[in-house]
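Here is the structure we will look at, set down as structure tokens.
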Amino acid sequence: MHWADHTAMRLSKQYDSQVIASGITPSGEFHIGHLREILTAEMIHRACLDAEIDSEYIFIVDSMDPLRRVYGFLSEEYQEYIGYPLVNIPAPNPDGTPNHEGGNYANHFLQPFLEALKEIGVHPKVVMNHETYDSGDFATKIDLAIQNKDKIHEIIENISGRELPEEWFPYNPIGSDGSMDGVKVTGYEIPYVSWIDRHGVEGRSDIRKADGKMPWRVDWAARWGIHGITCEPAGKDHGASGGSFDTGIPICELLGSKPPGKMVYEWIQLKGSGPMSSSSGNTIGPIEALNLVPPEILRYIIARTKVKKHIDFDTGPSLFETADEYERLVSNPPSGDNLNKKKMVARDTILGSLRLSQVNRGDDPSKSIAGVSFRHLAMLAQIKSNDQDIWDSLNKSKHINGEPNLALIGRLSRMRNWIEGAHFPENARIKIQEKMNDENKEKITKEQRIFLLSLLTKLENCVWSESQISQLIRDTTKELEINPREGYVALYLLIIGRDYGPRIASIITELGKEETIQIFSKSF
RNA sequence: GGGUCUGUAGCUUAGUCAGGUAGAGCACCGGGCUUUUAACCCGGGGGUCGCGGGUUCGAACCCCGUCAGACCCGCCA
């Protein structure tokens with residue numbers, strides 16, 4: 001059974017209806033790591049719906065979280081905003097300076113991410129956490145937390161093993177300058193928390209407003225109750241023993257609610273360069289990823305991997321493999337009855353992955369079949385600049401019959417992006433040689449050499465079309481009575497520097513007469 | 001130091017929760033097709049399930065130990 005279906009089953013035994021949640025702090029550019037958070041939750045949500053379990057999926061944006069430091073992509077001017085809720089500070093310009101007309105910081109990073117989610121078929125109910133504070137929905141929990149301040153203090157110290165300062169308080173008010181840093185609580189009388197800030201200014205915060213927030217570990221536990229969350233997969237950082245999940249459970253209970261069960265997912269790493277991090281620039285954004293691969297394959301990458309396994313996201317060769325694997329499975333899904341238990345489980349797991357990879361819930365996976373492997377399309381896209389030529393070629397090779405479908409058109413345009421970008425795998429790249437290198441010259445026999453020279457004279461005076469060129473190659477091998485294979489190998493060595501490759505006549509046609517002849521004449 | 005997760009074929013992995021003959025794909029090798037598209041079709045080899053013990057009629061699966069990797073215990077998906 002697929003992990004999402006399994007989780008859905010488990011949840012249905014505990015609660016009648018589900019609220020599945022994700023939570024992310026919009027402190028910088030979103031990356032595909034965040035996509036795992038979102039998709040893990042969203043797939044469980046879909047699995048619930050598919051099992052006819054009532055379910056809602058919410059995405060809580062931690063817009064009240066303070067700016068913790070000046071990240072690498074920000075200018076020094078952000079120093080003054082440290083400690084401010086992200087929703088209250090200006091968005092950065094591309095150069096990192098604050099843009100006072102550009103809306104707030106949280107939204108700046110959130111909006112493009114939501115756009116990407118739409119394309120991936122994720123339509124969450126978005127909850128801006130600052131609005132939950134501002135609406136007063138947090139007030140009861142804040143009051144309870146303050147009343148139980150010592151117990152919460154103890155829970156955090158005991159479970160996380162970390163010492164909290166004496167003056168620790170389960171509510172951080174915003175001071176006179178807008179920052180939560182250096183604000184000391186001096187008293188509490190419902191609904192006001194009074195304080196003195198680092199400038200010596202005194203004031204009070206209304207717990208029914210966004211005048212402050214609870215610290216992370218308490219905030220998280222409180223919101224489980226406020227939204228009635230039954231499942232919130234958490235990154236393994238939160239899942240560690242003594243981490244915020246472990247402290248959240250008793251705190252949530254203390255605040256009068258039933259916590260969700262613990263569920264922890266592994267991180268996505270960029271192959272070879274460790275965990276993703278916006279500050280180190282070691283990141284691929286969801287938008288960038290969508291420019292390379294179709295959304296269903298992005299979903300498939302998450303769906304096919306068990307939650308507790310880490311994913312190496314590799315924009316190179318293994319992306320080809322995964323994409324082709326998807327294509328294969330979709331066009332030829334596992335089936336059959338009378339299987340033993342293990343095979344049935346395996347079959348259902350794969351079918352589950354395909355089902356959950358669909359952009360729209362309930363879509364027939366076969367609609368996303370492009371009918372061509374990524375590898376093959378990559379090759380065509382490199383040797384043919386005109387899309388129509390590619391459709392013609394695919395018709396000729398019987399990959400498609402007639403006009404290309406939408407899936408295929410979208411795939412080709414992404415393929416062209418991929419090829420142009422830095423992420424395209426080198427071994428799939430076709431490199432046209434300037435001339436034959438010495439190493440390859442040695443590989444060539446005398447007959448092959450004669451073949452190439454003879455072909456050259458024919459090419460100089462022919463009509464430049466693929467069928468003509470193809471014909472000339474075959475004619476020449478016949479005339480010289482050499483094995484056609486030998487002739488092709490010689491041509492491949494000459495033009496792309498390897499002894500095999502895609503249909504050579506296509507490449508030559510695409511190169512044009514002048515350039516082709518150049519390669520020939522520079523080589524001999 | 002304390003803890004969590006992961007370890008199955010060269011690579012990616014299914015199967016571990018409910019013990020019952022280790023199963024795929026990629027890659028590789030061989031064959032076919034033949035106008036050589038890196039396409040397509042057929043076949044094949046390849047696994048002491050990290051290691052050691054225990055429980056059991058029977059262990060990849062349960063228990064104990066051990067090794068390796070990743071991560072957490074301030075903030076991070």
Side-chain angles (χ1 to χ4, degrees), chain A residues 1 3 6 10 22-25 27-28 30-41 62 65-66 68-69 159-164 215-216 233-247 262 264-269 274-279 304-312 314 317-318 320-322 324-325 328-329 334 339-350 353 372-380 382-384 393-394 396-399 427-428 430 467 470-471 473-474 477 484-485 487-489 491-492 496 498 500-507:
Chain A
M1 196 190 283
W3 53 260
H6 191 263
R10 221 185 52 225
S22 299
I24 300 178
T25 307
S27 56
F30 284 75
H31 51 67
I32 51 164
H34 295 108
L35 221 46
R36 190 166 202 182
E37 160 96 22
I38 298 285
L39 285 175
T40 303
D62 286 308
D65 282 18
R68 308 220 184 257
R69 59 190 174 86
I159 296 182
S160 76
R162 104 183 207 240
E163 243 176 77
L164 294 178
W216 160 244
K236 65 166 162 188
D237 46 335
H238 298 308
S241 165
S244 41
F245 221 122
D246 285 357
T247 52
K262 188 167 176 176
V264 177
Y265 63 87
E266 252 287 353
W267 285 11
I268 295 182
Q269 322 219 338
M276 230 160 290
S277 150
S278 313
S279 47
R304 72 196 274 263
T305 312
K306 279 183 290 193
V307 174
K308 281 178 190 160
K309 287 215 170 204
H310 92 253
I311 296 177
D312 272 326
D314 177 4
S318 70
F320 266 117
E321 258 174 49
T322 309
D324 284 343
E325 175 183 301
R328 258 197 324 274
L329 288 173
L339 300 169
N340 62 32
K341 188 183 118 194
K342 283 179 185 171
K343 284 189 177 162
M344 267 170 63
V345 169
R347 180 198 63 190
D348 291 345
T349 304
I350 290 172
S353 299
V372 190
S373 74
F374 265 56
R375 213 165 282 279
H376 187 51
L377 191 62
M379 183 268 297
L380 289 177
Q382 287 181 85
I383 61 175
K384 294 183 187 294
S393 164
L394 287 172
K396 224 166 121 191
S397 60
K398 305 247 170 39
H399 280 93
N427 69 349
I430 296 169
S467 60
S470 182
Q471 191 63 46
I473 296 170
R474 271 173 279 128
T477 57
R485 189 181 198 95
Y488 281 107
V489 168
L491 269 174
Y492 282 121
I496 62 173
R498 303 185 201 186
Y500 66 101
R503 178 166 283 219
I504 196 70
S506 308
I507 301 180

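Any value given below was found using the heavy atoms of this structure, including those in side chains, with hydrogens, waters and symmetry copies removed. It should be emphasised that the depicted structure is a prediction, and the values quoted were computed from it without experimental measurement. In what follows, every chain begins at residue 1, and chains take the letters A, B, ... in the order their sequences are listed.
- Look at CG on A/L329: it is 10 Å from P on B/G25, rounded to the nearest Å.
- Across all strands shown, A/L380 has heavy atoms under 4.0 Å from base atoms, whether or not it also approaches the sugar-phosphate.
- Among the nucleotides B/G15, B/U12, B/C17, the one closest to any side-chain atom of A/H6 is B/C17.
- A/H238 contributes no side-chain N or O that, together with a main-chain N or O of A/G235, makes up a donor-acceptor pair within less than 3.5 Å.
- Projected onto RNA chain B by closest heavy-atom contact, A/L394 and A/D65 fall at different nucleotides, the more 5' of which corresponds to A/L394.
- Residue A/R304 contributes atom CZ, which lies 17 Å from atom P of B/A24 at whole-angstrom precision.
- Nucleotides B/C62 and B/G69, compared at atom P, are 24 Å apart to the nearest Å.
- Counting any heavy atom pair closer than 4.0 Å across all strands shown, A/S393 reaches a base atom.
- The distance from atom CG of A/D348 to atom C1' of B/A14 is 12 Å, rounded to the nearest whole Å.
- Of the two residues near RNA chain B, A/S373 and A/I24, the one whose nearest nucleotide lies more 5' is A/S373.
- What separates CZ of A/R328 from P of B/U13 is a distance of 15 Å, to the nearest Å.
- Of the P atoms belonging to B/G46 and B/A22, the separation is 15 Å, rounded to the nearest Å.
- Within the 4.5 Å cutoff, side-chain heavy atoms of A/R36 are placed close to those of A/T305.
- With distances taken from any side-chain atom of A/Y492 to the nucleotides B/C76, B/A38, B/U16, the minimum falls on B/A38.
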Canonical and wobble pairing (Watson-Crick, G-U, under 3.5 Å) of RNA chain B, dot-bracket with |: (((((((..((((......[..)))).(((((.......))))).....(((((..]....))))))))))))....
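- In this structure, A/R68 reaches the sugar-phosphate backbone alone: every heavy-atom distance under 4.0 Å involves primed, P, OP1 or OP2 atoms, never a base.
- Taking CG of A/L394 as the start and CG of A/L377 as the end, the distance is 7.0 Å to the nearest 0.5 Å.
- Counting any heavy atom pair closer than 4.0 Å across all strands shown, A/K306 reaches a base atom.
- Contact annotation: the side chain of A/I24 approaches that of A/E37 to within less than 4.5 Å [non-hydrogen atoms, C-beta and beyond].
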Give each protein N/O atom lying under 3.5 Å from an N/O atom of nucleotides 2-5 of chain B, with the pair distance.
from: B/G3; atom 1: O2'; to: A/S241; atom 2: OG; distance (Å): 3.2
from: B/C5; atom 1: O2'; to: A/K308; atom 2: O; distance (Å): 3.2

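- When the P atom is compared between B/C61 and B/C49, the two are found 9 Å apart, to the nearest whole Å.
- Residues satisfying the side-chain contact (heavy atoms from CB on, under 4.5 Å) criterion with A/Q382, sequence neighbours excluded, are A/I419, A/F424, A/R429, A/I430.
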Please lay out, stage by stage, how A/S27 and A/R68 fare under the test side-chain contact (heavy atoms from CB on, under 4.5 Å). CA-CA 9 Å; A/S27 56; A/R68 308 220 184 257; over 6 Å; no
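- Residue A/M1 holds its CE atom at 12.0 Å from CZ of A/R347, rounded to the nearest 0.5 Å.
- The side chain of A/E321 has B/C26 as its nearest neighbour among B/C26, B/C76, B/U37.
- For B/G44 and B/U6, the P atoms lie 34 Å apart once the distance is rounded to whole Å.
- Using a 4.5 Å heavy-atom threshold, the side chains of A/R304 and A/E325 count as touching.
- Nearest nucleotide to the A/W267 side chain, out of B/C72, B/U12, B/G15: B/C72.
- The interatomic distance linking A/E163 (CD) with B/C73 (P) rounds to 17 Å, in whole Å.
- Regarding A/R10, its CZ atom lies at a distance of 13 Å from the P atom of B/A18, rounded to whole Å.
- Spacing between B/U66 and B/G7 at atom C1', rounded to whole Å, works out to 14 Å.
- Atom C1' of B/G19 sits at a distance of 12 Å from the matching atom of B/U55, rounded to the whole Å.
- Distances were taken from every side-chain heavy atom of A/M379 (C-beta onward) to each of B/U37, B/C76, B/U12; the shortest belongs to B/U37.
- Between the C1' atoms of B/G47 and B/G53, the separation comes to 22 Å (whole Å).
- Separating the CD1 atom of A/I311 from the P atom of B/C71 is a distance of 16 Å, rounded to the nearest angstrom.
- Taking atom CG of residue A/L491 and atom C1' of nucleotide B/U35, one finds them 14 Å apart after rounding to whole Å.
- The gap from the C1' atom of B/C40 to that of B/U34 amounts to 12 Å, rounded to the nearest Å.
- Separation of atoms OG1 (A/T25) and CG (A/D65) is listed at 4.0 Å; rounding is to 0.5 Å.
- Classification of A/K308 and A/E266 as a salt-bridged pair fails, no side-chain N sitting under 4.0 Å from a carboxylate O.
- Atoms NE2 and CG, from A/H6 and A/D348 in turn, are 13.0 Å apart once rounded to the nearest 0.5 Å.
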